[in-house]
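When reading the values below, keep in mind they use all heavy atoms of this one structure, side chains included, and skip hydrogens, waters and symmetry mates. Numbered from 1 within each chain, the chains take letters A, B, ... in sequence-line order.
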There are 2 protein chains.
Amino acid sequence: MSENNPAPTMKDVAREAGVALGTVSKVINGLPVGESYRIRVEEAVAKLNYRVNSYAKGLKTNKTYTVAVMVPNLISPFFAKLADCINRSLARRKHRMLFYATDYDHNQEQEYVILAEQQKVDGIICLSYNPDLKVSENIPLVSIDRYFGGQIPCVSSDNYGGGRIAAEKLVENGCRSLAFMRIGSSVTNEPNKRKDGFINACEAMGVPYTLKIVDDGTPYSAFEDFLREHTHKGKLDFDGIFCVTDSLAYQILRTLRQMGIRVPEDVQIIGFDGTRHFGDQDFFCSTIVQPLEEIAETCVSMILEKPLGKAPSLICLPVQYACGGTTKS
Amino acid sequence: MSENNPAPTMKDVAREAGVALGTVSKVINGLPVGESYRIRVEEAVAKLNYRVNSYAKGLKTNKTYTVAVMVPNLISPFFAKLADCINRSLARRKHRMLFYATDYDHNQEQEYVILAEQQKVDGIICLSYNPDLKVSENIPLVSIDRYFGGQIPCVSSDNYGGGRIAAEKLVENGCRSLAFMRIGSSVTNEPNKRKDGFINACEAMGVPYTLKIVDDGTPYSAFEDFLREHTHKGKLDFDGIFCVTDSLAYQILRTLRQMGIRVPEDVQIIGFDGTRHFGDQDFFCSTIVQPLEEIAETCVSMILEKPLGKAPSLICLPVQYACGGTTKS
């Protein structure tokens, strides 16, 4: 269809309005022109249904009002909600989101950073799993959850604080022996501090704890084996479990039910993330809620508003506990 | 940082390689040049770390390798997975996704269509709730789930077939009296055919059925009232329920459990969508699974590969039943 009916250009508007091309340009870019000229141009724009070519505009202003957002996928409710929040935060500032799913693939992440640079985005917000990610000096980049050594600002939840809160809440709820379970990337990243905060709180309170930590790629059955090893006469060795994510907590919950262990009567479970059914209903489990809207807002404002030279290297935003039925309160 | 170290331009490459600007342009656009020239340009590109300015390229080729994708949000797991599948389908064809969340807002949807046109996208894929959406003739648009009268191709699951399958499966599983529950937009759209298919199958089998249909905005308690009205001496009037979405099925399931009615022993439930916990684990309920990957692939190939003049007005892709614990099989 576009062959028969090409989009009108700025020249067509100038011809229709009977003014110079420069006058059309001024009106479109909000620069002052005589009132009668402005009206003639606006009428011609309306009549021809002229749309500003934002690519031509991007070429001139060197600003594209576009930010690239890279997360592993939109299948995980956590990444989907994060992308949703970033998109809203960008839209409020009249910026648009170019979305890339990286699938945790290091090469893919690197390629997308290069591609984003080619595409002259105004900035990149990424949740990367590539510890060696090379970024350009020409484009501001903010990292979520991965600390790249201070040159690149990193925004994250207060993971350490969240680990402490989880341990303290379990003990407050009557637990006397705790366990921490983690599956995840072995690369140093901010979420690993959940464990550190948990251990710190356990030691401060003098409460015994057990750790079960496995790397990505380990089959889930490693946790089933761990739970069975720690079950004697139908009773678990611990009465409180902190899981590194709600997703893991959900799986642990299911395994415990299959083993005939009651939650929260026999053992209480706290996850991390704040995932809800269908995005807006019950929590999957009692959990430490990440402040995704604030994380998104912080990343976007760092990209668009603050000079990166003065940016802090790490910003941790406060988390909070929410009861979701797998704890006594 | 960019002030001190501006990105190299095509001119810089020409100077470095000692060739004319036109030669650089030919190499970058894959046009034939002498081998020694090609090597000199490629070496200069690598040395200067030159990136093609895709905005300049978009302006020349009138192609931006960008497709706008509009869905209400990424909070709903259904929309998030759909966006994920479309993004993957675009990435396989080296296209990128500009993402817009419309929040079911008619004005917002219309504004994004205009914006996408301004931004010279190669096409628009939208899941719209605006029955009066005006689209440009200049940009191919494919609609998901909303039929706009034939000028705009619509891609959807076989909703009618899915409704039939749900009714037939419940009866096959021993149900003798069925109910259909729907909350949703009253605007005519493809998902409304779930009800039609359900009714058609019930009537063909001679099985009695009850309908409870409410519009968006009605509080969920309307369904609780309906369930209580149809409960006599702790027993429901029907033994099979088909819900228009998995999200509604999840809520109904919770209400029934609170009422002391057992699922699937006393009543069996089938939802629609194929939503899974955390995107990759158990189904929330027995369900009619929408073929999201095929829907995404079809939309993308219609935008990028097929001339829209010959496109069908409606394409329905086959669904299938999956047992998720809320039915006997």
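- Highest contact tally toward chain B, considering only A:K81, A:R254, A:Q281, is held by A:Q281 [criterion: heavy-atom pairs under 4.5 Å].
- If you measure heavy-atom distances from A:N87 to chain B, the contacts under 4.5 Å come from the side chain alone.
- Of the inter-residue distances, the one linking A:D246 atom CG with A:R276 atom CZ reads 10.5 Å to the nearest 0.5 angstrom.
- We find the CD1-CD1 distance between B:I139 and B:I124 to be 5.0 Å, quoted to the nearest 0.5 Å.
- With respect to chain A, the highest number of heavy-atom pairs below 4.5 Å among B:I114, B:D280, B:D282, B:V69 belongs to B:D282.
- Heavy-atom pairs under 4.5 Å with chain B were tallied for A:S247, A:G279, A:P77; the largest tally goes to A:S247.
- B:I269 approaches B:S286 most closely through the heavy-atom pair O-CB, 3.6 Å.
- With hydrogens and angles disregarded, a donor-acceptor distance shorter than 3.5 Å links the side chain of A:Q110 to the backbone of A:K134.
- Only the side chain of A:F284 has a heavy atom closer than 4.5 Å to any heavy atom of chain B.
- Contact annotation for B:D103: only side-chain heavy atoms (C-beta onward) come within less than 4.5 Å of a heavy atom of chain A.
- Heavy-atom distances place the side chain of A:R88, and not its backbone, under 4.5 Å from chain B.
- A side-chain N or O of B:E297 and one of B:S89 form a donor-acceptor pair less than 3.5 Å apart.
- For B:T275, the part sitting under 4.5 Å from any heavy atom of chain A is the side chain, from C-beta outward, and nothing else.
- The number of heavy-atom neighbours closer than 6.0 Å to CD of A:E293, taken from other residues, nucleotides and ligands shown, is 12 or below.
- Proximity to chain B is absent for every atom of A:Y220, based on heavy atoms less than 4.5 angstrom apart.
- One N or O on the side chain of A:T64 and one on the backbone of A:K120 form a donor-acceptor pair closer than 3.5 Å.
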